[in-house]
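These notes concern the structure reproduced below.
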Amino acid sequence: PYYQPLVDLRGGTIVGAEVLMRWRKSDGTIVPPATFIPLAESSGLIMDMTGALMRAVRDEFAAVLAPRPGVKMGFNLTAEHFTSEAVVEEVREIFADSPIRFSQVVLEITEREPLEDLDMARHVIGALQELGCSIAIDDVGTGHGGLSYLLKLGANCIKIDKMFIDAIGSERYSTPIIETLVELANRMRMDIYAEGVENFDQVKYLRERGIFLAQ
Ligand code: G
Ligand code: MN
């Protein structure tokens with residue numbers, strides 16, 4: 001597991017992290033996820049890999065998360081996770097007897113992959129929320145879901161894709177798109193995160209538009 005911190009731009013405190021899979025080879029070289037996740041997904045191995053990742057994070061981070069109930073960990077799920085209730089049982093089993101609260105577990109669903117069955121996905125999401133977890137829609141603005149994921153899934157927060165953050169100051173349409181996403185999130189009572197924030201100009205820009213959470 002590699003951790004990308006989530007920062008509250010109002011005070012600079014770390015409020016959580018997204019867990020990203022890396023493959024470290026025996027010679028120490030790091031294989032980025034884009035190289036192996038597609039194969040993991042098409043082969044089905046991603047299901048066991050995600051479970052193993054959650055267990056590793058639980059064991060590695062319990063001591064940090066237990067005394068800080070406001071700090072959350074985000075995990076990437078894949079379309080297959082939303083085809084049955086199995087993931088609900090797995091998340092329950094992994095975190096139930098750990099010092100990590102379900103309210104500290106965020107499950108991300110990416111817009112980049114088509115979901116086979118939105119009703120089933122809504123059902124799985126509802127069950128995860130009943131446990132106490134929250135659900136984030138990832139890569140918002142870039143994928144297949146369009147507004148249908150926002151309409152149908154009942155998620156708790158949206159993560160603006162890095163593409164739109166990179167475009168701040170260089171693409172004239174980045175501002176109307178970002179401002180519209182903020183309004184959408186506010187009106188839907190969802191939290192909104194900016195992904196891939198790399199410099200202070202972006203921080204200033206985001207704060208001025210009411211985005212206070214950045215990865
Ligand atoms: O860390 P990096 O930004 O290179 O990750 C790129 C993408 O790889 C993520 O946005 C996500 O789509 C994918 N990815 C990384 N870790 C995981 C994981 O644990 N599970 C799944 N399904 N995808 C992951
Ligand atoms: Mn993600």
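For ligands, and for the atoms within them, numbers begin at 1 and follow the listed sequence. Side chains are part of it too, since the values below use all heavy atoms of this structure and drop only hydrogens, waters and symmetry mates.
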Self-check item: Arg22-ligand 1 polar pair, N/O distance under 3.5 Å
Solution: yes
Practice problem: Look at atom 13 (C) of ligand 1 and find which of Pro32, Ala34, Pro33 reaches it with the closest heavy atom. | Solution: Pro33
Quiz item: Less than 4.0 Å between a side-chain N and a carboxylate O, is that true for Glu183 and Arg187?
Solution: yes
Quiz item: Tell me: protein heavy atom nearest atom 3 (O) of ligand 1, and distance?
Solution: Leu20 CD1, 4.4 Å
Quiz item: Any N/O/S of Glu108 under 2.8 Å from the Mn ion (ligand 2)?
Solution: yes
Exercise. State whether a side-chain donor-acceptor pair under 3.5 Å links Glu113 with Thr78.
Key: yes
Quiz item: Do any of the N, O or S atoms of Asn76 sit under 2.8 Å from the Mn ion (ligand 2)?
Solution: yes
Exercise. Can you label the angle between the Phe75 ring and the Phe95 ring as parallel, tilted or perpendicular, going by 30° and 60°?
Key: tilted
Self-check item: the Mn ion (ligand 2) to nearest N/O/S of Glu18 less than 2.8 Å
Solution: yes
Quiz item: Do Ile192 and Cys157 pass the side-chain contact (heavy atoms from CB on, under 4.5 Å) test, and can you show the C-alpha distance, the side-chain angles, and the key distance before you say yes or no?
Solution: CA-CA 6 Å; Ile192 185 162; Cys157 54; over 6 Å; no
Quiz item: Of all the non-hydrogen atoms in the protein, which one sits nearest to atom 16 (N) of ligand 1, and at what distance?
Solution: Met21 N, 2.9 Å
Practice problem: Using a 4.0 Å heavy-atom threshold (strictly under), name the region of Ile37 that reaches ligand 1: side chain, backbone, both or neither. | Solution: side chain
Quiz item: Quick one: CE on Met49 to CD1 on Ile37, what's the gap to the nearest 0.5 Å?
Solution: 5.0 Å
Quiz prompt | Modelled atom types, side-chain donor and acceptor of Tyr193 and Glu18, under 3.5 Å | solution = no
Practice problem: Tell me which one of Asp161, Asn76, Thr110, Thr78 gets a heavy atom nearest to atom 17 (C) of ligand 1. | Solution: Asn76
Quiz prompt | Met49 touching ligand 1 at heavy-atom level, < 4.0 angstrom | solution = no
